[in-house]
K.L.:
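Here it is, the structure in full.
Counting begins at 1 with the first residue of the sequence.
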Amino acid sequence: MSIQEIKPVKEGKVREIYDNGDSLIMVATDRISCFDVILKNIVTKKGTVLTQMSKFWFDMTQDIIPNHMISVDVNDMPEFFRQPKFDGNSMMCRKLEMLPVECIVRGYITGSGWASYKKDGTVCGIRLPEGLKESDKLPEPIYTPSTKAEIGDHDENISYEQSIEYLEEHFPGKGEEYASRLRDYTIALYKKCADYALSRGIIIADTKFEFGLDEEGNIVLGDEMLTPDSSRFWPAQGYEPGHGQPSFDKQFARDWLKANPDNDWVLPEDIVNKTIDKYLQAYELLTGKRL
């Protein structure tokens, strides 16, 4: 008897989501996207790194907030998932009603935040001290939420006050409560994990979290958590403000694509290998385990 094939109910650039009745199965594929385009290469083991790293952080932060993870063991999943391509990169999760805000926290000034600060001394409307250099650590982490766009559109940065209004529109009577709790959870999660990562030689410059509501209306941490796809990881060794920092993510891939504009969205093998090496190195530093 052949195993019944299950089709994903939702496909993102990197993830596939399957409906498993009262739960979901999230599969992190080995696809890689840069500049919102899915490249033609496969980055072997990337999906496993993302899933196992999320599991590591979910386990570590249960004391702050519950999360949606049920299991990363394919033996707990329907038979269809007990094949090699799903082993290690799949997570069975509780179903949540996702809240329509991306919860971004910045502990260091870099990227679009640095560009904004140079222009008018603010990041997402938050005034920062004068005289900061690129990649400087901020006096305190700042919370800079954004709206969640449909695939193909861009997320829009909003102020904390706007996040209250935005959530109030979707959940009348709950806007202020949800907005303040999302902010507080985001900062608490970031502080705990950034302190831990620093003790392992990694600076988490910024990251984003996503939250949802369970059946009882409790706020639960969902999606992925503190992976190189959702965060900026820098090596603590050699960290030096005043310029951009090397990072444990797809920067190799981005840089190569920028330098080779007629790339047809295909990376050379050595760039693919360097990219996955960075992901594996971050995983091993943070968890103390080999994958």
K.L.:
Hydrophobic clusters here meaning ILVMFWY residues chained together by side-chain heavy-atom distances under 4.5 Å, can you tell me if Ile17 and Ile6 are in one?
P.N.:
no

K.L.:
Going by distance alone, is a donor N or O of one side chain under 3.5 Å from an acceptor N or O of the other, for Thr122 and Asp120?
P.N.:
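Yes - a donor-acceptor pair under 3.5 Å links their side chains.
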
K.L.:
Do the non-hydrogen side-chain atoms of Thr51 and Ser90 ever get within less than 4.5 Å of each other?
P.N.:
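SC-SC contact between Thr51 and Ser90 ruled out.
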
K.L.:
Establish, yes or no, whether the cationic atom of Arg183 lies under 6.0 Å from the six-membered ring centre of Tyr160 and within 45° of the ring axis.
P.N.:
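Arg183 over Tyr160 ring: yes.
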
K.L.:
So, Lys55 side chain and Met91 main chain: donor-acceptor pair closer than 3.5 Å or not?
P.N.:
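Not confirmed, Lys55 side chain does not pair with Met91 backbone.
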
K.L.:
Run the numbers on Glu16 and Arg31 for side-chain contact (heavy atoms from CB on, under 4.5 Å), then give the verdict.
P.N.:
CA-CA 11 Å; Glu16 292 170 352; Arg31 296 194 290 263; 3.2 Å; yes

K.L.:
Find the distance between CD (Glu176) and CD (Glu165) and round it off to the nearest 0.5 Å.
P.N.:
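Glu176 CD to Glu165 CD: 11.0 Å, rounded to 0.5 Å.
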
K.L.:
So, Arg290 and Glu284, do they make that salt bridge, N to O below 4.0 Å?
P.N.:
yes

K.L.:
For the side chain of Gln245 and the backbone of His243, is there at least one donor-acceptor N/O pair under 3.5 Å apart?
P.N.:
yes

K.L.:
Could you check if a side-chain atom of Leu189 sits within less than 4.5 angstrom of a side-chain atom of Trp57, using non-hydrogen atoms only?
P.N.:
no

K.L.:
When you compare the side chain of Pro100 with that of Phe171, does any pair of heavy atoms fall below 4.5 Å?
P.N.:
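Yes, side chains in contact.
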
K.L.:
So which heavy atom on Ser71 is nearest to which on Met77, and how close?
P.N.:
O-CE, 3.7 Å

K.L.:
When you compare the side chain of Arg106 with that of Val123, does any pair of heavy atoms fall below 4.5 Å?
P.N.:
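Of all side-chain heavy-atom pairs linking Arg106 with Val123, at least one is under 4.5 Å.
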
K.L.:
Measure from the side-chain N and O atoms of Asp30 to the backbone N and O of Gly47, and report whether any donor-acceptor pair falls under 3.5 Å.
P.N.:
yes

K.L.:
Show your working on side-chain contact (heavy atoms from CB on, under 4.5 Å) between Arg232 and Thr110 and close with a plain yes or no.
P.N.:
CA-CA 9 Å; Arg232 257 184 258 252; Thr110 183; 3.5 Å; yes

K.L.:
I need the Tyr117 OH to Leu132 CG distance, nearest 0.5 Å.
P.N.:
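Here the rounded value is 3.5 Å.
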
K.L.:
Which value, rounded to the nearest 0.5 Å, describes the distance between Phe58 atom CZ and Leu226 atom CG?
P.N.:
9.5 Å

K.L.:
Looking at every heavy atom in both Lys148 and Val101, which two are closest together, and how far apart are they?
P.N.:
CE-O, 3.7 Å

K.L.:
Between Arg200 and Gly288, which heavy-atom pair has the shortest distance, and what is it?
P.N.:
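Closest pair (atom of Arg200, atom of Gly288, distance): NH2-CA, 3.2 Å.
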
K.L.:
Is Ile104 linked to Tyr143 within one hydrophobic cluster, defined over Ile, Leu, Val, Met, Phe, Trp and Tyr using a side-chain heavy-atom separation of less than 4.5 Å?
P.N.:
no

K.L.:
Would you say the side chain of Phe211 lies within less than 4.5 Å of the side chain of Ile65, judging by non-hydrogen atoms?
P.N.:
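Touching, per the 4.5 Å side-chain cut-off.
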
K.L.:
For Asn263 and Leu257, which heavy atoms make the closest approach, and how far apart are they?
P.N.:
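In this case the closest contact between Asn263 and Leu257 is ND2-O, 3.3 Å.
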
K.L.:
Charged N to carboxylate O under 4.0 angstrom, Lys13 versus Asp36?
P.N.:
yes

K.L.:
Rounded at 0.5 Å granularity, tell me how far NZ in Lys250 sits from CD1 in Ile276.
P.N.:
12.0 Å

K.L.:
Compare every heavy atom of Cys103 with every heavy atom of Thr186, then report the nearest pair and how far apart it is.
P.N.:
OG1-CB, 3.2 Å

K.L.:
Rounded to the nearest 0.5 Å, what separates atom NZ in Lys137 from atom CD1 in Ile203?
P.N.:
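Answer rounded to 0.5 Å: 8.5 Å.
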
K.L.:
Under a single-linkage definition using a 4.5 Å side-chain heavy-atom cutoff for Ile, Leu, Val, Met, Phe, Trp and Tyr, are Val43 and Val37 assigned to the same hydrophobic cluster?
P.N.:
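Yes.
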
K.L.:
Please say whether more than 12 non-hydrogen atoms of neighbouring residues, nucleotides or ligands are located less than 6.0 Å from NZ in Lys95.
P.N.:
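Result for NZ/Lys95: enclosed.
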
K.L.:
For the side chain of Asn218 and the backbone of Asp214, is there at least one donor-acceptor N/O pair under 3.5 Å apart?
P.N.:
no

K.L.:
Compute the ring centroids of Phe209 and Tyr185, then answer whether they are less than 6.0 Å apart.
P.N.:
no

K.L.:
Could you walk me through whether Lys278 and Gln251 pass the side-chain contact (heavy atoms from CB on, under 4.5 Å) test, one step at a time?
P.N.:
CA-CA 10 Å; Lys278 279 285 166 208; Gln251 204 56 50; over 6 Å; no

K.L.:
May I ask you to decide if the ring planes of Phe86 and Phe80 are parallel, tilted or perpendicular, using 30° and 60° as cut-offs?
P.N.:
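Rings of Phe86 and Phe80: tilted, 30 to 60°.
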
K.L.:
With side-chain contact (heavy atoms from CB on, under 4.5 Å) as the criterion, how do Ile142 and Leu128 come out once you've worked through the C-alpha distance, each side chain's angles and the decisive distance to 0.1 Å?
P.N.:
CA-CA 10 Å; Ile142 57 172; Leu128 294 178; 4.3 Å; yes

K.L.:
I'd like to check Lys46 versus Val14 (side-chain heavy atoms, cut-off strictly below 4.5 Å). Are they in contact?
P.N.:
yes

K.L.:
Would you compute the distance between atom CG of Asn157 and atom CD of Glu102 and round it to the nearest 0.5 angstrom?
P.N.:
10.0 Å

K.L.:
Short question: side chain of Tyr239, backbone of Ser135 - any donor-acceptor pair under 3.5 Å?
P.N.:
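Yes.
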
K.L.:
Nearest heavy-atom pair of Ile204 and Cys193: which atoms, and what distance?
P.N.:
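Distance-wise, the nearest heavy atoms are CD1-O, 3.9 Å.
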
K.L.:
Does Trp256 belong to the same Ile/Leu/Val/Met/Phe/Trp/Tyr cluster as Ile38, with side-chain heavy atoms less than 4.5 Å apart forming each link?
P.N.:
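No, because Trp256 and Ile38 fall into different hydrophobic clusters, even though each may have its own neighbours under 4.5 Å.
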
K.L.:
Would you confirm whether Glu210, through its side chain, and Leu99, through its main-chain N or O, come within 3.5 Å as a donor-acceptor pair?
P.N.:
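No.
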
K.L.:
Is the shortest side-chain heavy-atom distance between Thr207 and Ser230 below 4.5 Å?
P.N.:
yes

K.L.:
Is the ring pair Phe56/Tyr196 parallel, tilted or perpendicular, if the boundaries are 30 and 60 degrees?
P.N.:
tilted

K.L.:
Does Lys191 pair with Asp195 as a salt bridge, N-O distance under 4.0 Å?
P.N.:
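No salt bridge links Lys191 with Asp195.
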
K.L.:
If we ignore hydrogens and angles and just use 3.5 Å, is the side chain of Thr275 paired with the main-chain N or O of Ile271 as donor and acceptor?
P.N.:
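A pair under 3.5 Å: yes.
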
K.L.:
So for atom CD, which belongs to Glu215, do other residues, nucleotides or ligands contribute more than 12 heavy atoms lying within a distance under 6.0 Å?
P.N.:
no

K.L.:
Same cluster or not: are Tyr283 and Ile202 linked, directly or through other Ile, Leu, Val, Met, Phe, Trp or Tyr residues, by side-chain heavy atoms under 4.5 angstrom apart?
P.N.:
yes

K.L.:
I want to check something: taking the side chain as every heavy atom from C-beta on, are Asp264 and Lys40 in contact at a cut-off of under 4.5 Å?
P.N.:
yes

K.L.:
More than 12 heavy atoms of other residues, nucleotides or ligands under 6.0 Å from CD of Glu169: is that the case?
P.N.:
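Counting other residues, nucleotides and ligands, CD of Glu169 exceeds 12 neighbours.
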
K.L.:
Return yes if a side-chain donor-acceptor contact under 3.5 Å exists between Asp229 and Tyr279, otherwise no.
P.N.:
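There is such a pair between these side chains.
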
